[in-house]
Every structure is written in structure tokens, then in C-alpha cells.
Amino acid sequence: MIVITFPDGKTRDYTAGVTGYEIADSIAKSLAKAAIAVKINGELSDLSLPITESSTIAIVKREDPEGLELIRHDAAHIMAEAVQKLFPGTQVTIGPTVENGFYYDFFRNQPFTTEDFEAIEAEMRRIVERGDAFVREVWTREKAIEVFKAKGENFKVELIQDLPGTEDIKIYRQGDWFDLCRGPHMANTKQIGTAFKLMKVAGAYWRGDSNRQMLTRIYATAWRTQEELDAHLHQLEEAEKRDHRKLGREMNLFHLQEEAHGSVFWHPKGYEIWVALEAYMRRRLREDGYKEVKTPQLMDSRFWEASGHWGKYRENMFVVPDVVPNTNEGEKVFKEEPKHFMALKPMNCPAHVQIFKQGIKSYRDLPLRLAEFGCCHRNEAHGALHGLMRVRQFTQDDAHIFCREDQILSESIKFCELTKAIYQDFGFNNYVVKLETRPEKRIGSDELWDKAENGLKEAIDKLGMNYEISPGDGAFYGPKLAFIVKDAIGREWGCATLQLDFNLPDRLDASYTGEDGQKHRPVMLHRAVLGSIERFIGILIENFAGKFPMWLAPVQCVVASITSDADDYARKVHAQLKEKGIRAELDLRNEKINLKVREHSLQKVPALYVVGAREETDQTVAIRRLGSDGQSIVKLSEAVESLANEAKPPY
RNA sequence: GCCGCUGUAGCUCAGGGGUAGAGCAACGCAUUCGUAAUGCGUGGGUCGGGGGUUCAAAUCCCUUCAGCGGCACCA
């Protein structure tokens, strides 16, 4: 006999070997019917597996949080079956669950298109309806390899061969179809339900390796009920509406075009946001002890060789021949074969080291914090470009802190606190912190990397911050702390970063004189809070859905007249706002007030001051705030004052 | 860079071998109006670029560029 403990603490005795299903059945027929899996000592398992030892178990139902995971995982299996039935010769690879759904990667000479979706979904519904049990089998490695080889499933064979020799080979079968799978699965295909939808096809490399085969990935979403599915689809539609590329065009903030692809044309309104943001950051940095600098855009390749960029980063750089071009029509751009090259800077760090190296630095000069709104160019892969989020020319709110080793901790903490304060000013709370460690392609010794990684770890531990470790994702010169923010469509972008670097000062021979009169290497902290101003504005647009807080709004107030009789008064109101430094516009068009309200609302202007004959007589304005459908009548002087107050930046 | 899809007016989109379309926007005229679209009229395009097939190409084919969705890469 074994003792089974339930979530409520009650216990019952069962014969060893009892299954989760039998336990559920012994409690209530309805529970057995609703059961889709069982949690044994916190671990999810099949209902059909015998339980041999006393344990704590919970019966898992579709409604439980684990239910979704199971629905999606099972749905991946039936999608694979459906695809193989409809498209014979297609090889299956892997099909994990992801946020909101799952995908399955297939290998087929002719990739799928979205036109195939309807047929695949219909076949999936048939499989659900069929209601076959998911049957778990354990095979020997040899049998598994043999069977999959015979089926021509070369990718599965590779997977099995790479499984550790100690591991059992588990197979899950639904009807005639089966797949290599760790499990667990629900009892039968019927439990999946039909609240799923195929979403998109995409290419994906086998095992994430760009040197290997390109597979076709089908993404799908799956939920418990049609209502949940509909809600999710609706949410996607809503998210699309706040896409910064769409809002950027609609609000006339910026544009991109072919001839400068990957570089942004900032329109007057977009650049107002930039200027406000930069001014805010400048105040923040000055207050935190940074000195602002500006460094060259183009530097000789010798310089980049010394920094290590030429060797480890050149494929991301724009290299320019240092030759006078030929202007004779029809001839080559360069008469001679270029021998000397320059490069647009992809990073600001080496240049900041040059400033550090001017003159002699004493330990008393440290920490030296050099900040730059540095415009960098990176030759990004074409497929990587994405609106403002991923561009080829961008401006970092960059800074490099040169300090002694004993100052690393306090400087790291200072930076994390600054970042936190700034993110709070923008209302960001949902960022994730990652510690990214040494990559394969790197400079410097392992001892230095140990030191650097431990340094960052110590700082975040001390601050008690939650973080994940991302192995191998560091920069080539040092490990990083990355602050990851999600965009409207759920994509993750790195914004703030703190990188600890013992390498560059060494390579570029930066030193200071210590208390002991000896030369020492400073440590360099690379850091940015916004990351790239372009990306950060993109994130802001999506975060606020274009409805910027007053201090960032490109147009803070529009003064609109109701009829031309009130034009003079409107001009007066507008002038008073401008006087206070408010970004105000005047709308005297011979249009109905309805139209004016509509247009400025669509432009997401936060404050609309409407004036007509009544307001002129009373020296008031009718204030209509974005998002409200009413208005309030306020004395002109008060209206100007309160707006000026509200428009003050948070710092 | 790789796989797939897309590219027609400023924007959103229809048309898929036989004279280039709609709505909104723009411009003109009328309208002076109280909080999310006033009416009427006018102009606007070598259908992303290049090449080919054809009597004839926006439409079919090839190629190239860009955009979109992923992957790989990354602030």
C-alpha cells in the first residue's frame, strides 16, 4: 500500500501501481472525466502512469494553469500528424510550446503557405474528434533509431542519437501516428478541444544553427475555449494598433525609406520627443556625476585594430576607403585600389578611452564618467532591421565609467539605481534583467572574465534584483547586465545595459597612477540607460500607445477656435502658452469644431483648448483632455499655469 | 544573411493579359458652425526598379530592391 496526499492535506491509501486516473476515479466520476494529467510531487505526469511510491498528488484539469501547457503540447502533436497526413514526405523535427501557443518545425522541399492552414486545421479537428488515447511507450534506443530511420525521419534519428545514453526513449502514440516525446500528455486527443488556430509560417534553422537546413515552422495558438481564443486574437489586434511603425506614420513622427534603409528620418514632431528625452537624460547624467563628451564618427582602421573591433566586430561595421573618389563619368568610383580604410564607429568606447588617455590620470580622478549621446553605425543583417527597434544608425545614451576595482561595486549599484529611477519616470515596471556571460568570440583571459562576471553578479546580488543568466550572450570584451523590455507585439528588446570590461583599457593602454605611485589599469564600465534613443522612443510610442505624458508629447496643446470671431482671442491664448514654453499649436481653420476635435484627438494631442465667443467674453478656455468626452471651463490664467506645471519633466 | 509572403494615388485597399479604380487625404468654392468626419467640385499613378514572353503586361516569367512574419545576429 502507498499513501497519497492531496493538495488539501488529506490522505488516502492505494495499492502501489495505482494510476492517476484511478485515483481521480476513486474520488469522483466527474473528476476522472475532467482529469487531463496528474502532478506527482509537483511534477506533471501522465494519468495512465502507475504510481509506485507514497507521494503528494494533484489531479490536473483543463482549467488549471498547467492545462494550457498540455493543450498546446498535445495540439503540436496533432498538428504534426495532420501535416504528415496531408503532405506525405514531410519530416517532423521538434514542436515545443511557446508563449500563447506552440510551433512545429517541419522539413519539406516545398514550404507551406498560409493557404494550407485551412486544410491542416480541418484535419486537426478530425483528429481531435477521433479521440484516440495518447499512449506512452518506452523503446530501446536501437529500436527507436531503426523505426525512425525506416520512416525516413532523419531529424528525429539525429535527436535520438543525441539523447544521453542513459535516458529511455519515450514515444507517444495517438492512433497510428507517433512521435518521440518526453511527455507528459493528456489522456486523449479529444481533451485538446478545438480552440486553436494556425497563425503563421516562418523559416527556422534546424537546431538554431544558420549553417544547417532551413525548416518550415508553423506557429499556432491554442486555448481552453473559443472565448479565450477570441480574446487572445482581439488582444493581438489591439497590440497591432499600437505598433510604433503604424503610429509613427499616423502621428507624423518619423519615416524610413529605401535609400537610407535602417536609418531614421525624424520629422519635426518625432524630434520634439527626442529633444525632450535627451534633455531629460542630460539633466539626469549631470546630476549623477557624468561629464558629456563628443567623439569622431570616422576613425582609421588602425584604431579599430587596436581596440579589437577590427578582428571581432568588423562584419558589423561600415568600412570606408580612405581614398579621394573619382568623379570622371563612367569610370570606377576609386581610381586606385583602396589600401587604407576608415570605419564609422559602431561603439563609442574606444574613443572614450582616448579621452581618458589624454594627460595623466590619478587615482583621485576616478571614477571618471564620460557620457556621450553617441551616434553609432552598425552594419546589421538586412533581415534584422525593424522600424525604430533595430536600425543601422542609432544614438546611444552611452557612457563609460573608468574606475578602480574597488569602485566597481558602488558604481554598478549607482547605475542600477539610476536606471530604476529613470524607468520609473516612464512608468516602466515590466522589464527583465539578464546577466549575459562570456561569448565564444571574445578577447581577454578567462581569469579576467571570471573577475568581470563575478563583479556584476555581486552588484545585482547586493541590490537584491531578480535576474536570469544568459550564457554566452555577453559582448566580446566583457559580460553584460541587460534590461529587457517587451514591445507591443511581445517582442523583447534590450534597452539599458551595464558591461564590465577589463579588456579594452589593457588593449588600448589606459592607465592611472595609484596611491602607491605605480601605474594601474582602470576598469571600464560600459553603460546605457535608454540603450538606443531610437529604440527607446519606439518602446515609448508602444508603451503609451502614442498618448505621451504631457512632458514628452510633441504637441502638448492645440488652441482651436469655434468660429473666426474668436480667432484673435485664440491667438492670445496660444501666445500665452508659447510664452510659458508649452509646445502649443493654433487651429484657426474654417472648420467645424467637431472636425477639429476629431483630428487632434486622433493625433493624440493631450490638451485641446477650445475657444469661442463665450470664452472670449469670460476670458476662459474650454479644456478637452484626450480620452475624456467632456470639457471643463477654466480661467485662462489658470489654464495656462496648470498646463505649464503639468508639462514640467519629472526631472 | 536564410525561408515564406507582400509591393497599385499621400494613407487604406480593389482590379490578375485588352484605355488604371474606390474611400479617406490634398486642392478650389460655398458654409461661421459649441466638442470625434458640412456640402459640392477638381487634380493626382511610366501599378517598387530592370529584363523577358506577347500584337498587347499592373496582370505571366526571370532578376533586383524594399517592406512584413519568423530564423540567425543584436542596442
Side-chain angles (χ1 to χ4, degrees), chain A residues 103 105 108 110-115 199-219 243 245-246 249-250 252 255-259 261-262 313 315-316 346-347 374 376 378-392 394-398 436 439 473 475 480 482-485 489 491-497 499 526 528-536 538-539 560-567 589-602 608-615 622-626 628-631 633:
Chain A
Y103 66 77
D105 285 348
R108 184 181 176 229
Q110 190 194 343
F112 304 101
T113 76
T114 45
E115 282 163 27
M199 302 298 284
K200 45 199 180 193
V201 283
Y205 296 110
W206 169 233
R207 301 202 138 178
D209 183 343
S210 56
N211 296 314
R212 307 197 65 176
Q213 294 95 325
M214 177 59 66
L215 308 172
T216 303
R217 175 173 297 181
I218 299 181
Y219 279 97
D243 189 312
R245 292 164 298 185
K246 183 174 152 71
R249 186 173 50 243
E250 287 172 0
N252 196 12
H255 84 269
L256 295 150
Q257 70 185 48
E258 251 182 73
E259 293 80 358
H261 92 288
Y313 205 74
E315 61 179 352
N316 291 301
M347 298 183 193
C376 295
R378 293 188 190 169
N379 201 342
E380 300 286 354
H382 290 174
L385 300 177
H386 181 93
L388 294 179
M389 303 301 196
R390 193 75 181 271
V391 288
R392 302 213 291 184
F394 59 100
T395 302
Q396 294 178 309
D397 63 319
D398 202 6
E436 304 179 343
D473 283 341
K480 329 183 195 182
F483 290 65
I484 314 281
V485 178
I489 322 172
R491 285 181 271 225
E492 294 185 338
W493 301 98
C495 286
T497 178
Q499 311 172 2
H526 306 239
V529 177
L530 309 182
S532 115
I533 296 186
E534 284 83 354
R535 176 178 294 181
F536 199 78
I539 299 273
S561 57
I562 289 171
T563 69
S564 54
D565 292 342
D567 284 0
R589 289 175 302 165
N590 175 15
E591 294 289 354
K592 286 187 158 185
I593 196 61
N594 293 299
L595 183 88
K596 295 186 183 184
V597 167
R598 175 180 158 81
E599 287 189 351
H600 300 306
S601 299
L602 288 173
L608 191 54
Y609 283 11
V610 177
V611 296
R614 292 206 296 267
E615 284 73 21
I623 302 179
R624 182 184 172 114
R625 295 295 301 243
L626 183 62
S628 87
D629 44 10
Q631 66 245 221
I633 309 294

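Order of the sequence lines fixes the chain letters, A, B, ..., with proteins taken first and strands second; residue numbering starts at 1 for each chain.
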Nucleotide paired to B:A37 in any strand shown, Watson-Crick or G-U, under 3.5 Å: none
Cationic N near anionic O, under 4.0 Å, A:Asp243 to A:Arg245: yes
Main-chain N/O of A:Trp493 paired to A:Arg390 side chain as donor or acceptor, under 3.5 Å: no
Any-strand Watson-Crick or G-U partner of B:A26, both distances under 3.5 Å: B:U42
G-U wobble or Watson-Crick pairing nucleotide for B:G69 (cut-off 3.5 Å, both distances): B:C3
B:G52 and B:G45, which share atom name P, separated by this distance in whole Å: 26 Å
Per A:Ser210 side chain, nearest of listed nucleotides B:G70, B:A72, B:C74: B:A72
Contact under 4.0 Å: A:Tyr205 side-chain N or O vs B:G70 OP1/OP2: no
Touch class at under 4.0 angstrom, heavy-atom based, for A:Arg614 against every strand present: base
Phosphate OP1/OP2 of B:A36 contacted by A:Arg624 side-chain N/O (<4.0 Å): yes
A:Arg245 side chain near B:C68 phosphate (N/O to OP1/OP2, under 4.0 Å): yes
Closest-nucleotide ordering on RNA chain B, the 5'-leading residue of A:Thr563 and A:Asp243: A:Thr563
Base-pairing mate for B:U32 - Watson-Crick or G-U, with both contacts under 3.5 Å: none
Base-pairing assignment for B:A14 (Watson-Crick or G-U wobble, both under 3.5 Å): none
B:C3 versus B:G18 - spacing of their P atoms, nearest Å: 33 Å
Below 4.0 Å: OP1/OP2 of B:G70 and any side-chain N or O of A:Arg491: yes
Contact under 4.0 Å: A:Arg207 side-chain N or O vs B:C71 OP1/OP2: no
Rounded distance [0.5 Å steps], CZ in A:Phe483 versus SG in A:Cys495: 10.5 Å
B:U53: pairing nucleotide in any strand, Watson-Crick or G-U under 3.5 angstrom: none
Distance test, side-chain N/O of A:His526 to OP1/OP2 of B:A75, below 4.0 Å: no
C1'-based separation of B:U42 from B:G34 [nearest Å]: 32 Å
Most 5' of A:Arg535 and A:Gly208 on RNA chain B, judged by nearest nucleotide: A:Gly208
